[in-house]
Every structure is written in structure tokens, then in C-alpha cells.
Protein chains: 2
Amino acid sequence: MDQTICPKFEKALSIMNKRWTSLIIFQLLEGSQRFCEIESAIGVSGRVLSERLKDLEKEGMVTRTVHDETPVRIEYSLTDKGHSLKPALNQIQSWADEWVEAE
Amino acid sequence: MDQTICPKFEKALSIMNKRWTSLIIFQLLEGSQRFCEIESAIGVSGRVLSERLKDLEKEGMVTRTVHDETPVRIEYSLTDKGHSLKPALNQIQSWADEWVEAE
DNA sequence: TATGTTACTTACTTTATGTAACTAACTATA
DNA sequence: TATAGTTAGTTACATAAAGTAAGTAACATA
């Protein structure tokens, strides 16, 4: 285990490479959304979504807002840090458009 | 499980989000390297590295070249498809520089 | 003959994820 | 008042993926 790779870059990948994380952020780039919306939009299980949203909150990338309506409405939205991943995700999208074949 | 997300993008993420894949590609952006070099540079286990390199070959992103020396030397290098991920990885690097704190 | 080299593979353990049922805190309906 | 319905989770259990460490093939050198 050498240390030839930038630790910030490694940290970034350790966040983004966790399954579902990038898709959750991509989804939230469309605007704030509630738990069940994210769940059904990207097909992640509630168990993992819950885990990821907590991680992303800890990383300061996502904000959780409780609206005291009935039934309770909880909104997840991106912080500036979360939003700033947009160019990277767009680059991945461009790569996909050019290199990934449609199924 | 809706289908609101571009399938090409999802496919791209399913490749890139597999643990170690992005780091392997990032490492190979420096030039072709052999198995044990990649292994020690990024700290991936041989078991998984072997698996990932096979996947990446199947996806047409990595080429495996055998040099009949003693002991045998096997070089892994990026194809155009693999190399073209550079802008996306650079964007992640930029994001990391701006937003990830040094430890 | 024993040791060293690279590039793996195999067997086994630990961790991560998927699945589906369950809970809390309410409201609406019968 | 009991029953069912809502969202946002959590829990327990099963399966899949990754880590660990030893083993193998095919050579060469000491």
C-alpha cells in the first residue's frame, strides 16, 4: 500500500464509489426530494438509502429538512458541496453518451 | 424502480462505482503498468484486481499485453474508451481539491 | 535441489447489500 | 372506538461482494 495517490482524491472516490451515492446526488440535482421519491426514482432499497443519506449529511453534502405536515414530509436537498459535484457527474454523462452502447 | 434515469448513465456508473475501478483507471492514465505495480500503488488485493481487470477488458477499456520475458511481464494499458474517462476523473480531482479537507 | 520471480487462483472470513416485515406518529374512515 | 392508511424510517435475516492469506504454474538462477 503505497501512497502515490492524492489522499483528497481517494477520499472523494471513497464517497462517490459507494454504491448508490452518485445516483442519489444526481437525483437531488433536480431539486429537493423526499425519501420515497428518491427510493422509487433510482431503485435503491430503503435500508441503504437511509444509510447513504446519513453519510451524505455527515459529509455536509445533503441537508435534511422536516416539514410538520400530516403525514410528515421530509425533504432532502444538496448543499453547495453536494451541488458542486454536478460538473463531474456531467462529465460521466458525456462519457456515457459517447462510449456506452444502448441496450 | 422507475426508469427516470438515462440507462447509459446508469451503465457508466455501474462500471465506475465498482470499488477500485476508478482508481485502477486513474492509475493507468499514467501509462501502462503491470499487475503488481497497480496492486501496490493503490492497495487493492490481487483477488479483486484480477477480477476488475477482466471486467475492464470485457468493457473494452483495458488491454492486456503479454511479454515473453523471464519472469513473464504482463502490461495493462488503457484503450481510447478507457482513456476518455480522464476528464471525468479530473473533475472529481478538482472537486476534491476544492471541497475535501486534508486529514 | 532449493529458492526466487510474476501473475494469478483458491479457500475461507468479514463486510456490504438486498428483502421483507415491522415500528412510530399521526389522520381518515367505517 | 377500532381499522386502515400515510411517510420515514428500522430490524432481522439471506445473499453477494470484498479482504486475507496460502497455493499454483512456469519459468530462471544459485
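So you know, we letter chains A, B, ... as the sequences are listed, proteins then strands, and number each from 1.
- Residues from residues 55-78 of chain A lying near DNA chain D, meaning a heavy-atom separation below 4.0 Å, are A:Arg64, A:Pro71, A:Val72, A:Arg73, A:Ile74, A:Tyr76 in numerical order.
- A pairwise comparison of heavy atoms in B:Asn17 and A:Ser22 identifies OD1-OG, 3.7 Å as the closest pair.
- Nearest approach of B:Glu59 to B:Lys81, heavy atoms of both residues: O-NZ, 2.8 Å.
- In this structure, CD of A:Glu39 is placed 9 Å from P of D:dA8, rounded to the nearest angstrom.
- A:Glu51 pairs by the salt bridge (charged side-chain N to carboxylate O under 4.0 Å, His left out) definition with A:Arg47, not counting sequence neighbours.
- Closest approach of B:Gly46 to B:Phe35, counting heavy atoms only: O-CZ, 3.6 Å.
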Produce the list of close N/O pairs, under 3.5 Å, pairing protein atoms with atoms of nucleotides 28-30 of chain C; give distances to one decimal.
none

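- The shortest distance between side-chain heavy atoms of B:His83 and B:Leu29 falls below 4.5 Å.
- Taking B:Phe26 as the reference, A:Phe9 meet the ring-ring contact (aromatic ring centres under 6.0 Å, His included) condition, with sequence neighbours excluded.
- Listed by chain and number, the residues in a side-chain contact (heavy atoms from CB on, under 4.5 Å) with B:Ser14 are B:Lys11 (sequence neighbours excluded).
- Not counting sequence neighbours, the partners of B:Asp97 by the side chain to side chain donor-acceptor pair (under 3.5 Å) test are B:Gln93.
- Within the structure, no pair that satisfies the ring pair (Phe, Tyr, Trp, His ring centres under 6.0 Å) test touches residues 37-70 of chain B, not counting sequence neighbours.
- An angle of 30°, rounded to 10°, separates the two end axes of the helix from C:dT1-D:dA30 to C:dA30-D:dT1, each defined over five pairs.
- Taking atom CG on A:Leu49 and atom C1' on D:dT7, their separation rounds to 13 Å, with Å as the unit.
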Sub-3.5 Å pairs of nitrogen or oxygen atoms, protein against nucleotides 13-18 of chain C:
residue: C:dT17; atom: OP1; partner: A:Arg52; partner atom: NH2; Å: 2.8
residue: C:dT17; atom: OP2; partner: A:Arg52; partner atom: NH2; Å: 2.9
residue: C:dG18; atom: OP1; partner: A:Trp20; partner atom: NE1; Å: 3.4
residue: C:dG18; atom: OP2; partner: A:Trp20; partner atom: NE1; Å: 3.3
residue: C:dG18; atom: N7; partner: A:Arg47; partner atom: NE; Å: 3.1
residue: C:dG18; atom: O6; partner: A:Arg47; partner atom: NE; Å: 3.3

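- Every residue meeting the salt bridge (charged side-chain N to carboxylate O under 4.0 Å, His left out) condition with B:Arg73, not counting sequence neighbours, appears here in chain and number order: B:Glu69, B:Glu75.
- Atom CG in B:Leu23 sits about 15 Å away from atom C1' in D:dA18, given to the nearest Å.
- A pairwise comparison of heavy atoms in B:Glu39 and B:Leu49 identifies N-CD2, 3.8 Å as the closest pair.
- In this structure, A:Phe35 places its CZ atom 17 Å from P of D:dT6, rounding to the nearest Å.
- Scanning for side-chain contact (heavy atoms from CB on, under 4.5 Å) contacts around A:Gln33 gives A:Gln27, A:Leu28, A:Glu30, A:Glu37, A:Ile38, with sequence neighbours left out.
- In terms of the side-chain contact (heavy atoms from CB on, under 4.5 Å) criterion, residue partners of B:Asp55 (sequence neighbours excluded) are, by chain and number, B:Lys18, B:Arg52.
- Note: CG (B:Asn17) to P (D:dA17) measures 14 Å, nearest angstrom.
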